[in-house]
Amino acid sequence: MILSNSWSKTWNEYPVIADIDNDGQAEIIISGSRVDKKETRLYCFESATTPWAPARSVWNQYAYNPTQVNDDLTIPRYQQNAAAFFDTNSCIQLTCPQPYNNFMVQATYRTQEGCYVWPGHNRDLTITATSRCLGDSIEICFSPRSSIAGDSALMVYVSCFLPDMGIGSSMIDKIAIRSDTCIRMQKLSGVDSMFIVINETGGIFPPSFTNTAIAECDYTNNVFVLDLKGPDLTIDILSYECTGDSLIFYIATDNKGAQSDVPCISGGCYFTDPRINGGQNSPLEITEWCFKYDNILMQYQYRDTFRVAIPLPAGQTGMWWTINEGGFGPGLESSVFTDIYECNYNNNTAYISFDLEEKSLDIGPDIIKCSSEVITLDAGAGFSSYLWSDLSTEAVYSTSFDGLHYVEATDHCGRIYRDSIRITTDNTTDLDLGPDISICPEEQYALEISYPYDAVRWFPADMVDCDSCLRVQVHTAVPALLIAVAQTGECISVDSIFIDIQAAHTASEYRTICSGETVEFYGDIISAGGTYSHTTGQCDTVYILHLEVEEAYNSFFQLRYAGEILYCSMADTTIVRGCIQIPCIPPTVVTVLYTFS
């Protein structure tokens with residue numbers, strides 16, 4: 001025991017007794033100040049040596065009553081009697097001591113049979129498991145662990161469940177184990193994982209803890225998800241190349257199953273399929289591939305590409321490569337040799353064909369084409385790479401442009417081949433419908449194609465009287481685009497013409513003349529005022545003339561002139577443009593500076 005002073009503003013403080021760190025032992029919590037009265041803190045004390053008695057993690061009030069609040073802070077509708085007598089004889093408590101008679105202060109857990117459990121012993125059971133494929137079976141090895149060293153001889157149940165959506169899964173098997181134990185079970189179709197549960201009596205998943213006589217402090221870690229896929233090694237031949245005396249393969253290997261520790265794997269190559277004849281074919285070569293290890297992720301990187309060279313196989317056209325085998329072909333017998341079991345051996349072999357003979361490259365003679373024609377050139381299969389004049393890299397090349405086109409091809413042995421071709425366009429068969437036209441409503445217009453094409457089509461067909469004729473009558477009530485497609489041999493030519501509709505309209509003109517003058521209106525000489533009209537033949541356009549004749553004023557006499565200014569000898573002479581009015585009183589003499597007509 002120790003003595004420590006703590007100052008409080010309220011002089012006296014009740015300590016709180018609770019398990020605040022979930023270690024199964026009671027702690028003492030007080031508030032106050034031990035150094036400076038201005039600084040108040042919350043202090044927690046626990047035993048440094050012998051463990052203290054267990055306590056709940058909930059303290060609900062000063063007058064402590066352990067049955068008024070549940071562990072999850074909910075309030076029970078019907079409270080238990082805090083001073084009830086414990087009938088320990090009704091429950092088998094082989095691992096738990098007699099409870100303290102302290103108003104159920106330590107009675108925080110119960111089994112499904114209603115027996116109290118006191119977790120002061122700190123038992124915590126966990127389970128892990130591993131699996132591997134053995135032919136048509138799966139071997140599962142369980143590893144139970146307990147936080148109490150003395151539990152090494154404790155018999156516990158381990159149950160296996162299918163993962164059917166997690167809830168309501170059916171149990172596959174249940175075994176009793178004391179230590180690391182391995183069992184073998186039949187493969188389950190479509191099942192690649194399993195729930196392994198320790199310390200429960202079976203049934204359906206998830207289990208209802210606690211349901212055994214072995215009490216624990218923590219049931220949240222009693223489930224382990226086991227991956228049943230196991231290793232699944234695959235092989236893929238990416239490409240090959242040859243040198244003077246060697247054939248080089250680029251091979252990608254992968255482990256599509258569980259990320260088991262497979263640092264290195266062996267494989268062989270064959271001239272015949274090693275999966276035939278019981279795998280008795282002799283391999284040409286056995287190669288070992290070692291995977292890279294990622295120090296950051298702490299795991300092997302199984303997707304790797306390897307470069308493997310073998311002596312140049314004269315006269316051969318193909319080869320089989322097999323992963324995870326030691327010289328007998330793929331299968332279980334070979335896996336025993338390599339000691340790496342898989343769940344799927346069907347993807348352990350890959351085949352690649354190769355052509356080591358010298359090739360020829362010919363993309364054909366020069367070509368004369370029509371303007372719309374697209375030419376496709378084919379360099380042929382079997383080369384490792386291609387390079388065309390437009391920098392494309394496929395075996396087939398298409399173009400519609402004139403000029404010189406060439407290709408460079410390289411075979412798998414590094415030999416280079418080249419060829420070229422010239423393409424020229426012949427425009428004699430190009431279709432030309434002429435410029436756009438404008439017609440009146442309801443007017444028909446004739447179009448004729450002079451070149452004797454093999455076939456012609458007009459679009460839309462309802463704009464012409466014959467959609468496949470060289471000469472057609474065009475009719476449309478609205479402006480529209482007419483398209484013609486003509487074909488001669490393999491050449492197709494397309495042209496279009498826009499048909500515009502010129503609407504009829506009326507044009508009006510207002511004009512004034514002097515009395516005695518005349519105007520000409522579409523060939524007619526008019527001197528009288530009034531409204532005159534004329535209709536033209538272009539879409540029946542109407543032109544209207546509104547003519548007005550102005551009478552001249554004459555007090556004594558009138559003068560008319562064709563110039564701009566008239567001088568009269570009288571001071572009150574009026575000068576008017578158009579019809580001139582000059583009132584003069586005789587016998588005044590009028591001097592005319594301009595000649596009038």
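Quick note: numbers below take in every heavy atom, side chains included, and nothing from hydrogens, waters or symmetry partners. Here, residue 1 is the first one in the sequence, and each next residue gets the next number.
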>> Determine whether Asp273 and Tyr351 satisfy the following criterion, side-chain contact (heavy atoms from CB on, under 4.5 Å), listing intermediate values before the conclusion.
In response: CA-CA 8 Å; Asp273 192 342; Tyr351 173 77; over 6 Å; no
> How far apart are the C-alpha atoms of Trp289 and Ile235, what are their side-chain angles, what is the distance that settles it, and do they pass the side-chain contact (heavy atoms from CB on, under 4.5 Å) test?
Replying inline: CA-CA 11 Å; Trp289 299 300; Ile235 187 170; 4.0 Å; yes
>> For a side-chain hydrogen bond (donor to acceptor under 3.5 Å, both in side chains) check, start with the C-alpha distance between Asn221 and Thr126, then their side-chain angles and the critical distance, and finish with the verdict.
In response: CA-CA 6 Å; Asn221 54 3; Thr126 58; 5.8 Å; no
>> Show, in sequence, the C-alpha distance, side-chain angles and deciding distance for Thr212 and Asn199, and conclude whether the side-chain hydrogen bond (donor to acceptor under 3.5 Å, both in side chains) test is met.
In response: CA-CA 7 Å; Thr212 71; Asn199 195 20; 2.6 Å; yes
> Going through the checks in order, is the side-chain contact (heavy atoms from CB on, under 4.5 Å) test met by Ser353 and Thr317?
Replying inline: CA-CA 6 Å; Ser353 61; Thr317 59; 5.9 Å; no
> Does the side-chain contact (heavy atoms from CB on, under 4.5 Å) test come out yes or no for Leu431 and Tyr451, once each step is laid out?
Replying inline: CA-CA 8 Å; Leu431 179 62; Tyr451 190 86; over 6 Å; no
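To the nearest 0.5 Å, atom CH2 of residue Trp320 and atom CZ of residue Phe271 are 10.5 Å apart. Taking CG of Leu361 as the reference point, atom OH of Tyr406 lies at 13.5 Å (rounded to 0.5 Å). Here OH of Tyr240 is found 12.0 Å from CD1 of Ile310. Values are rounded to the nearest 0.5 Å. With values rounded to the nearest 0.5 angstrom, Tyr445 atom OH is found 7.5 Å from Ile499 atom CD1. To the nearest 0.5 Å, atom CG of residue Asp254 and atom OG1 of residue Thr234 are 4.5 Å apart. Going from atom SG of Cys264 over to atom CD of Glu288 covers 4.5 Å, rounded to the nearest 0.5 Å.
Listed for the Asn348 side chain is a donor-acceptor partner under 3.5 Å among the backbone atoms of Ile323. In this structure, Thr488 contributes its side chain and Cys491 its backbone to no donor-acceptor pair below 3.5 Å. Judged by distance alone, with hydrogens and angles left aside, the side-chain atoms of Asp366 form a donor-acceptor pair with the main-chain N or O of Arg422 at under 3.5 Å. Using a distance-only test at 3.5 Å, with no hydrogens or angles considered, no donor-acceptor pair links the side chain of Asp218 to the main chain of Asp124. A distance-only check finds no donor-acceptor pair linking the side chain of Thr425 to the backbone of Phe401 [under 3.5 Å]. Under a 3.5 Å cut-off, the side chain of Ser384 and the backbone N or O of Thr410 do form a donor-acceptor pair. Checked by atom type and distance alone, the side chain of Ser146 pairs as donor or acceptor with a backbone atom of Ile148 at under 3.5 Å. Checked by atom type and distance alone, the side chain of Gln487 pairs as donor or acceptor with a backbone atom of Gly489 at under 3.5 Å. A donor-acceptor distance shorter than 3.5 angstrom exists from the side chain of Tyr453 to the backbone of Thr429, with no hydrogens or angles considered. When atom types are taken as modelled, the side chain of Ser266 and the backbone of Glu325 share a donor-acceptor pair closer than 3.5 angstrom.
Ion pairing between Glu408 and Arg418 holds under the 4.0 Å rule for side-chain N and carboxylate O.
Proximity of Thr220 to Phe209: side-chain heavy atoms (C-beta onward) are nowhere separated by under 4.5 Å. Looking at heavy atoms from C-beta onward, Leu238 lies out of side-chain contact with Ile352 at the 4.5 angstrom threshold. Contact check for Pro144 versus Ile177: side-chain heavy atoms found under the 4.5 Å cut-off. Two residues are said to be in side-chain contact when any heavy atoms from C-beta on lie closer than 4.5 Å; Leu247 and Pro311 fail this criterion. Taking the side chain as every heavy atom from C-beta outward, Ile248 and Arg307 approach each other to under 4.5 Å. Inter-residue side-chain proximity for Leu447 and Trp458 is flagged as met; some heavy-atom pair is nearer than 4.5 Å. In this structure, the side chains of Asp232 and Asn347 come closer than 4.5 Å at one or more pairs of heavy atoms. Two residues are said to be in side-chain contact when any heavy atoms from C-beta on lie closer than 4.5 Å; Asp227 and Val225 fail this criterion.
Separation of the Tyr417 and Phe383 ring centroids falls under the 6.0 Å cut-off. For an aromatic pair to be called close, the ring centres must be under 6.0 Å apart, and His405 with Tyr397 satisfies this.
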Output a table of donor-acceptor pairs, distance under 3.5 Å, between side-chain atoms of residues 460-474 and any protein atom two or more places apart or on a different chain; print 'none' if there are none.
{"from": "Asp465", "atom 1": "OD1", "to": "Gln473", "atom 2": "N", "distance (Å)": "2.9"}
{"from": "Arg471", "atom 1": "NH1", "to": "Glu448", "atom 2": "OE1", "distance (Å)": "3.2"}

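Counting all heavy atoms, side chain and backbone alike, Ala395 lies closest to Gly380 at CB-O, 3.9 Å. Of all heavy-atom pairs between Pro479 and Ile501, the closest is N-CG1, 3.7 Å. Across all non-hydrogen atoms, the minimal contact from Ala129 to Phe142 is CB-CD2, 4.2 Å. The shortest heavy-atom contact between Leu356 and Pro313 is CD1-O, 3.8 Å. Of all heavy-atom pairs between Glu394 and Trp388, the closest is O-NE1, 2.7 Å. Summarising the geometry of Asp419 relative to Gly364, their closest heavy-atom pair is OD2-N, 4.2 Å, with the distance given to 0.1 Å.
Between the side chains of Ser398 and Thr376, at least one donor N or O lies within less than 3.5 Å of an accepting N or O.
Checked options Phe161, Phe205, Phe224; the residue passing with Phe195 is Phe205 (criterion: ring-ring contact (aromatic ring centres under 6.0 Å, His included)). The side-chain contact (heavy atoms from CB on, under 4.5 Å) test with Leu482 is passed by exactly one of Ile437, Ile497, Thr476: Ile497.
More than 12 heavy-atom neighbours from other residues, nucleotides or ligands sit within 6.0 angstrom of CZ on Phe306.
Using cut-offs of 30° and 60° for the angle between ring planes, the Trp321 and Phe249 rings count as perpendicular.
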